[in-house]
2 protein chains.
Amino acid sequence: MGRRSDHSRDELLSLALDAAEKIVAEEGINALTARRVSKEIGYSVGTIYNLFENLDDLSLHVKARTLDALYAHIKGVPKGEDVESDFMALNKAYFDFLKANPNTWGSILDREGADGQPLPDWYLEKVALPFSVVQAALMPLFGAGEEEQAGFAARTLWCGVHGIAVLGMENSLEAVGSRDAENMAEYLILNFLGGLRRV
Amino acid sequence: MGRRSDHSRDELLSLALDAAEKIVAEEGINALTARRVSKEIGYSVGTIYNLFENLDDLSLHVKARTLDALYAHIKGVPKGEDVESDFMALNKAYFDFLKANPNTWGSILDREGADGQPLPDWYLEKVALPFSVVQAALMPLFGAGEEEQAGFAARTLWCGVHGIAVLGMENSLEAVGSRDAENMAEYLILNFLGGLRRV
DNA sequence: ACCTGAACACCGTTCAAGT
DNA sequence: ACCTGAACACCGTTCAAGT
């Protein structure tokens with residue numbers, strides 16, 4: 001036994017997260033186990049617990065990577081004058097991302113505190129970033145100084161889109177009578193924007 | 001060992017589902033295990049597999065009970081002339097139900113086919129019932145013969161509300177900057193209805 | 001015909017023991 | 001200081017053996 005020093009702590013973290021990300025991408029979140037990751041990187045189980053608090057912590061870091069990738073993917077979406085078209089572009093970028101990462105997505109925003117623990121701050125900040133993109137796209141419908149209201153609208157709208165996306169990417173939208181989640185999301189967005197414009 | 005005939009098959013099903021429902025209500029879906037249920041009803045693990053295909057099947061039956069209860073809870077909500085107030089009442093009934101059954105709710109509409117299996121028909125029918133209530137409440141905004149379009153709108157809107165509810169009932173709406181899921185749902189509904197009226 | 005429980009192949013997590 | 005792997009207390013699922 002004993003130290004190996006084959007890898008620095010940072011390298012080990014990278015190795016473990018790469019392996020975990022791959023497992024989730026290929027086989028879904030349920031295939032992610034500490035033992036499996038340890039085997040994949042050629043270290044013992046104990047080492048995983050040296051790197052992460054527990055399995056929840058490990059999976060939180062995998063999700064954080066996905067949030068980073070999502071933010072990178074949507075923040076560059078070009079914007080024009082027309083709020084409606086901007087949102088359609090945003091919606092498309094969002095669904096493109098989900099389709100490219102169906103397993104990795106899934107339960108990103110879902111329950112974390114299986115143990116009732118609140119989510120750590122560094123994670124909450126990552127969750128907030130994609131919402132800030134939506135908020136920015138919504139600002140043309142709000143006056144200067146109404147950022148807070150726009151933020152509320154952004155969270156409302158995108159939680160709704162997320163609900164549709166989650167039910168759509170998993171198979172249960174069939175349960176609900178449609179397989180076209182992306183169209184439903186567009187319909188939700190357009191009517192929501194219509195309602196905002198109506199005032 | 002051998003048969004005991006203490007209970008008929010139907011009684012056994014009832015006992016098992018009652019026990020399972022209680023476990024989920026008190027400790028969440030993750031506490032539901034075949035061994036635990038068997039212990040609770042005083043039979044061996046094997047008997048659980050005599051009653052249900054597997055743990056997924058058991059949990060699907062628990063969720064089905066929850067859907068029955070939800071439908072019973074919202075189908076009697078009184079309706080007036082005003083679509084907006086009808087929907088506020090519906091929204092309140094929905095959230096009252098979720099608050100009363102936080103653990104039991106959770107992942108009702110979520111991923112079933114962990115194994116990739118499609119959901120069974122008897123379950124899909126139970127999922128559809130609550131949506132039919134929403135569709136009915138939406139009909140004043142649609143012409144006669146537009147049932148299908150109203151159905152699409154109902155699924156869109158309520159998937160959105162569900163998304164907000166799921167993120168709100170679990171703790172992750174804090175991740176999103178608000179703890180008032182019910183208000184967000186109302187805001188989503190009112191603007192969506194506003195958009196529909198705008199045509 | 002039903003019910004049991006040992007058996008198999010897994011888990012998450014800990015921690016004494018090694019280098 | 002790091003890494004190991006046996007140990008503990010669990011899992012889901014199966015199926016020969018009992019009544």
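Residue numbering restarts at 1 for every chain, and letters A, B, ... go by the order of the sequence lines. Since the model is a prediction, treat every value here as computed from it, not as a measurement.
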#### Entry: Sequence-distant partners of B:F97, ring-ring contact (aromatic ring centres under 6.0 Å, His included), two or more places apart
B:H73
Return all side-chain donor-acceptor pairs below 3.5 angstrom for residues 32-40 of chain A, not counting sequence neighbours, or 'none' if the list is empty.
{"unit_1": "A:T33", "atom_1": "OG1", "unit_2": "A:R36", "atom_2": "N", "d": "3.0"}
{"unit_1": "A:R36", "atom_1": "NE", "unit_2": "A:E40", "atom_2": "OE1", "d": "3.3"}
{"unit_1": "A:R36", "atom_1": "NH1", "unit_2": "A:E27", "atom_2": "OE1", "d": "3.4"}
{"unit_1": "A:R36", "atom_1": "NH2", "unit_2": "A:E27", "atom_2": "OE2", "d": "2.8"}
{"unit_1": "A:S38", "atom_1": "OG", "unit_2": "A:R35", "atom_2": "O", "d": "2.7"}

#### Entry: Touch class at under 4.0 angstrom, heavy-atom based, for B:T33 against every strand present
sugar-phosphate
### Euclidean distance, atom CG of residue A:D6 to atom P of D:dT4 [Å, nearest integer]
9 Å
### Task
Output all residues satisfying ring-ring contact (aromatic ring centres under 6.0 Å, His included) with A:Y49, sequence neighbours left out; order by chain, then residue number.
none
### Task
Could you check how far CG of B:N54 sits from P of D:dT13, rounded to whole Å?
5 Å
### Task
Answer with base, sugar-phosphate or nothing: what part of the nucleic acid does A:L58 contact at a heavy-atom distance below 4.0 Å?
nothing
### Query
Touch check for A:L12, heavy atoms < 4.0 angstrom, all strands: base, sugar-phosphate only, or nothing?
sugar-phosphate
### Query
Which residues pass the side chain to side chain donor-acceptor pair (under 3.5 Å) test with A:Q135, sequence neighbours left out?
none
### Message
So that I can tick it off, tell me whether A:R65 and A:D18 are bridged by a salt bridge, with the cut-off set at under 4.0 angstrom between side-chain N and carboxylate O.
### Response
yes
#### Entry: DNA chain C: stems of at least 3 consecutive Watson-Crick or G-U pairs whose donor-acceptor distances fall under 3.5 Å
C:4-8 with D:12-16, C:12-16 with D:4-8
### Message
Heavy atoms within less than 4.0 Å of DNA chain D: which residues of residues 35-45 of chain B have one? Give them sorted by number.
### Response
B:R35, B:V45
